[in-house]
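The shown structure was predicted, so the numbers you read here are calculated from the model rather than taken from an experiment. In the text below, chain A, chain B and the rest are named by the order of the sequence lines, each starting its count at 1.
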2 protein chains.
Amino acid sequence: MARDKDRRGAVTIEDVARHVGVSPMTVSRVINNFSGVRQSTRENVLRAVAELGYSPNPAARSLARHGGRRVGLLYSNPSAGYLSEFLVGALDGAQRSGSLLMIEKCGASEDSERAAIDRLVAGGVTGVILPSPHAESVTAHEQLALHNITGVAVGARLLNQQPNTVRIDDFAAAAEMTRHLLDLGHKRIGFIKGAANQSATAERLLGFETEIRKAGRAASALVEEGDFTYRSGLEAAMRLLASEQPPTAIFASNDDMAAGVMAAAHYRGRVVPGSLSVAGFDDTPIATAVWPELTTIHQPVAGMTETAVRILSEAARGKTPSAPAQPVDRLLPYKLVIRASTGPAPRPDAS
Amino acid sequence: MARDKDRRGAVTIEDVARHVGVSPMTVSRVINNFSGVRQSTRENVLRAVAELGYSPNPAARSLARHGGRRVGLLYSNPSAGYLSEFLVGALDGAQRSGSLLMIEKCGASEDSERAAIDRLVAGGVTGVILPSPHAESVTAHEQLALHNITGVAVGARLLNQQPNTVRIDDFAAAAEMTRHLLDLGHKRIGFIKGAANQSATAERLLGFETEIRKAGRAASALVEEGDFTYRSGLEAAMRLLASEQPPTAIFASNDDMAAGVMAAAHYRGRVVPGSLSVAGFDDTPIATAVWPELTTIHQPVAGMTETAVRILSEAARGKTPSAPAQPVDRLLPYKLVIRASTGPAPRPDAS
DNA sequence: ACTGTGTTTGTTAGCGCTAACATCGCTACT
DNA sequence: AGTAGCGATGTTAGCGCTAACAAACACAGT
């Protein structure tokens with residue numbers, strides 16, 4: 001204890017090894033979850049790890065792993081609600097897989113995207129994570145292919161390119177939300193579409209429509225255009241609420257638009273959820289910032305990024321960088337989060 | 001060129017040294033900006049660095065710097081709008097100063113805070129960055145002192161504890177915003193306070209009041225309670241707008257509350273900024289999510305965190321960890337961002 | 001008993017970089 | 001001339017960890 005204090009507070013793998021009475025290598029094998037360690041030994045080591053509060057030094061790790069796998073992360077919109085979770089997930093994944101993270105910001109233009117990727121390449125990354133605006137960018141995928149580097153799209157997919165993806169089942173999630181609304185007795189349901197160039201937009205719409213169709217004549221849908229911004233949600237809601245038979249529930253394909261819907265509802269004197277139910281998608285910070293808080297679909301953003309990092313870092317182990325086995329399309333579980341913005345349909349006033 | 005390709009794309013310090021015809025150590029001295037290198041040598045090295053596209057391996061660096069300075073970062077609310085910027089800044093600062101970042105999440109309770117700090121300590125950090133909820137926590141500072149570790153508060157300060165701080169001048173910023181409102185001709189201005197336990201709350205209020213007082217009888221203020229949440233902003237605005245002589249402008253001490261004010265305004269049929277100007281503070285994502293977009297005070301969050309990391313990493317160089325020279329209180333420049341939510345006062349209808 | 005096959009553990013070396021000290025000139029003195 | 005003193009550079013060692021190989025051990029079959 002006293003001895004440890006001098007040592008800058010850091011417990012090394014050797015301390016653990018000595019404590020258990022094995023070689024550092026064995027400890028290394030245990031913490032990396034390698035096979036070929038007797039069960040009892042493994043347990044001893046794990047106990048010591050816990051006792052001493054050991055946590056591996058990521059720098060040393062990355063160094064020892066022959067140059068260390070470095071994974072890059074491209075981002076463009078630092079104020080997007082999901083980014084912080086995104087980063088936390090990436091950091092976690094990096095730490096856990098012992099790889100180094102290089103974060104690079106880029107603008108919206110294709111040139112800027114290309115430049116950012118080049119910077120990443122210069123930094124020696126073996127793989128790059130692409131969140132939504134870039135996940136769908138042909139430019140980005142091309143530039144990566146040019147340098148023979150693996151990319152993983154998170155939360156979206158680009159069908160005709162190399163399709164490494166980590167995402168949720170947008171179709172099923174939208175369907176589930178729609179069912180939730182239907183179950184509450186809503187007959188006329190408005191839907192606000194997202195930006196046309198994002199892959200999730202189509203899937204969410206499809207999920208909605210499919211569920212509505214399943215309900216048969218018991219339900220009808222009103223679909224409006226939107227582009228994922230608050231303002232587009234507000235305007236779409238204004239149109240919906242001005243229609244002859246306004247909906248009793250509006251399902252916006254993301255939270256920002258749903259917040260816009262709520263503003264429109266307030267403006268038109270509709271009480272949420274008393275006279276209008278509102279549902280969002282993504283569970284971004286704004287979902288709990290507004291009042292009443294939004295019913296929405298929670299995406300495990302951090303988990304998705306962590307998975308992406310892990311995929312990349314494992315792919316880097318496979319010696320042939322060009323052929324990352326077969327492309328991965330991992331689907332993670334989403335969750336319907338019911339908060340205060342949805343409630344029973346007002347009354348049987350439908351036609 | 002071809003040779004480099006095999007080498008995982010990474011150029012090492014040795015490659016540079018060989019290319020120039022000096023020892024690696026000299027290169028190291030140059031890239032670390034150490035004195036004691038002849039000017040001509042320095043230039044040669046720098047040229048080679050540029051030519052070869054060398055970038056130092058942060059892992060090796062951190063390892064070689066004897067255990068490497070590790071700085072910890074405590075966060076609790078992953079959905080806070082500023083977190084992503086916060087992280088980006090920290091990452092940047094860490095990379096630039098060659099230190100390692102350990103990010104630790106913790107809950108709101110004191111126990112959870114203590115536990116998180118202990119985990120950080122076990123991980124061997126030499127300093128910890130404390131964003132707002134923790135910056136003001138006596139517990140956090142005590143726990144750090146217990147382990148003899150330096151803390152830096154970002155965006156807030158705790159006066160009677162060890163006051164390493166990086167922040168903006170909340171007082172001046174609030175005053176400037178108030179002046180902006182005054183300049184637009186507003187005479188009756190509402191102000192919504194923040195949570196009582198945060199240091200910024202008092203300073204912002206003071207800045208506001210000081211400026212109002214300066215205006216003399218030309219202006220009057222209505223101050224309402226709030227706690228930095230959307231809902232509290234909405235409710236405070238409702239009270240403000242229901243008063244006999246409602247204000248023509250409302251200055252909320254953060255963006256979330258300002259968004260709540262806008263909702264209240266819509267609800268009461270007030271057009272923003274036509275009949276009511278709304279101002280926020282912080283320039284978080286919500287400021288541009290709402291419509292019209294908020295006039296607010298921009299904080300250089302990323303810069304603040306980067307500075308904090310640098311302070312910590314420099315303090316770690318000074319051998320005596322207990323006495324980090326004298327405490328630092330660094331003030332960074334803020335910026336008044338005028339968007340669409342503020343405009344000229346409706347008309348000279350004031351008493 | 002003795003080789004073969006597999007499982008568990010240890011050994012050696014080195015990832016890329018930088019403290020700390022050693023060295024090599026060189027000028028400036030006594 | 002001799003040597004202290006200084007600035008510029010090189011050398012050695014090692015940060016904490018893990019590949020790759022080597023060794024030790026177990027137990028099967030012959």
S.K.: Of Ala59(B) and Arg29(B), whose nearest nucleotide on DNA chain C comes first from the 5' end?
M.R.: Ala59(B)
S.K.: Using Watson-Crick and G-U wobble pairs whose two distances are both under 3.5 Å, how do you write the pairing of DNA chain C as dot-bracket, with | for links to another strand?
M.R.: ||||||||||||||||||||||||||||||
S.K.: How many Å lie between CZ on Arg42(A) and C1' on dT9(C), as a whole number?
M.R.: 13 Å
S.K.: Give every residue pair that meets the salt bridge (Lys or Arg N to Asp or Glu O under 4.0 Å) criterion with at least one member in residues 115-124 of chain B, sequence neighbours excluded.
M.R.: Glu104(B)-Arg119(B)
S.K.: Please state whether the phosphate of dT7(C), meaning OP1 or OP2, lies under 4.0 angstrom from any side-chain nitrogen or oxygen of Arg38(A).
M.R.: no
S.K.: In whole angstrom, what separates Arg70(B)'s CZ from dG16(D)'s P?
M.R.: 9 Å
S.K.: Heavy atoms under 4.0 Å, any strand shown: does Thr26(B) hit a base, just sugar-phosphate, or nothing?
M.R.: sugar-phosphate
S.K.: Here's a test of your reading of the structure: between Thr41(A) and Ser28(B), which maps to the more 5' nucleotide of DNA chain C?
M.R.: Thr41(A)
S.K.: Picking from dC17(D), dG14(D), dA19(C), which would you name as closest to the side chain of Ala64(B)?
M.R.: dG14(D)
S.K.: Any side-chain donor paired with an acceptor under 3.5 Å for Arg38(A) and Asn44(A)?
M.R.: no
S.K.: When the distance from CZ of Arg65(A) to P of dG16(D) is rounded to whole Å, what number comes out?
M.R.: 17 Å
S.K.: Within the distance-only criterion (no hydrogens, no angle test), does the side chain of Ser112(A) pair as donor or acceptor with the backbone N or O of Gly107(A) below 3.5 angstrom?
M.R.: yes
S.K.: Taking atom types as modelled, is there a side-chain donor on Ser137(B) or Glu110(B) under 3.5 Å from an acceptor on the other?
M.R.: no
S.K.: Which atoms form the tightest heavy-atom contact between Val20(A) and Ala48(A), and what is the distance?
M.R.: CG2-CB, 3.4 Å
S.K.: Where the side chain of Met25(A) is defined as all heavy atoms beyond and including C-beta, which of dG10(C), dT9(C), dG10(D) is the nearest nucleotide?
M.R.: dG10(C)
S.K.: How close or far is atom P of dG16(C) from atom CG of Asn57(A), stated in whole angstroms?
M.R.: 16 Å
S.K.: Using the side-chain heavy atoms of Leu63(A), tell me which of these nucleotides is nearest: dG10(D), dC15(C), dT11(C).
M.R.: dC15(C)
S.K.: If you define the side chain from C-beta out and look only at heavy atoms, does anything of Thr41(A) sit under 4.5 Å from Val22(A)?
M.R.: yes
S.K.: Separation of Asn32(A) atom CG from dA20(D) atom P, in whole Å?
M.R.: 14 Å
S.K.: Taking the side chain of Ser23(B) as heavy atoms from C-beta outward, which of dT18(C), dG10(D), dT18(D) is closest to it?
M.R.: dG10(D)
S.K.: Whole angstrom is fine here: how far is it from CD1 in Ile31(A) over to P in dA19(D)?
M.R.: 11 Å
S.K.: Among dG10(C), dC17(C), dT18(C), find the nucleotide with the atom closest to the side chain of Tyr54(B).
M.R.: dC17(C)
S.K.: Reckon Arg61(A) has a side-chain N or O less than 4.0 Å from the OP1 or OP2 of dT18(D)?
M.R.: yes
S.K.: If I take atom CD in residue Glu14(B) and atom C1' in nucleotide dT11(D), what distance separates them, rounded to the nearest angstrom?
M.R.: 13 Å
S.K.: Just do the salt bridge (charged side-chain N to carboxylate O under 4.0 Å, His left out) check on Glu306(B) and Arg310(B) with the steps written out, would you?
M.R.: CA-CA 6 Å; Glu306(B) 200 197 314; Arg310(B) 193 133 44 189; 3.1 Å; yes
S.K.: Check whether any side-chain N or O of Asp15(A) sits under 3.5 Å from a backbone N or O of Val11(A) as a donor-acceptor pair, and report yes or no.
M.R.: no
S.K.: Round to a whole Å and report the spacing from CD1 of Ile13(A) to C1' of dG10(C).
M.R.: 13 Å
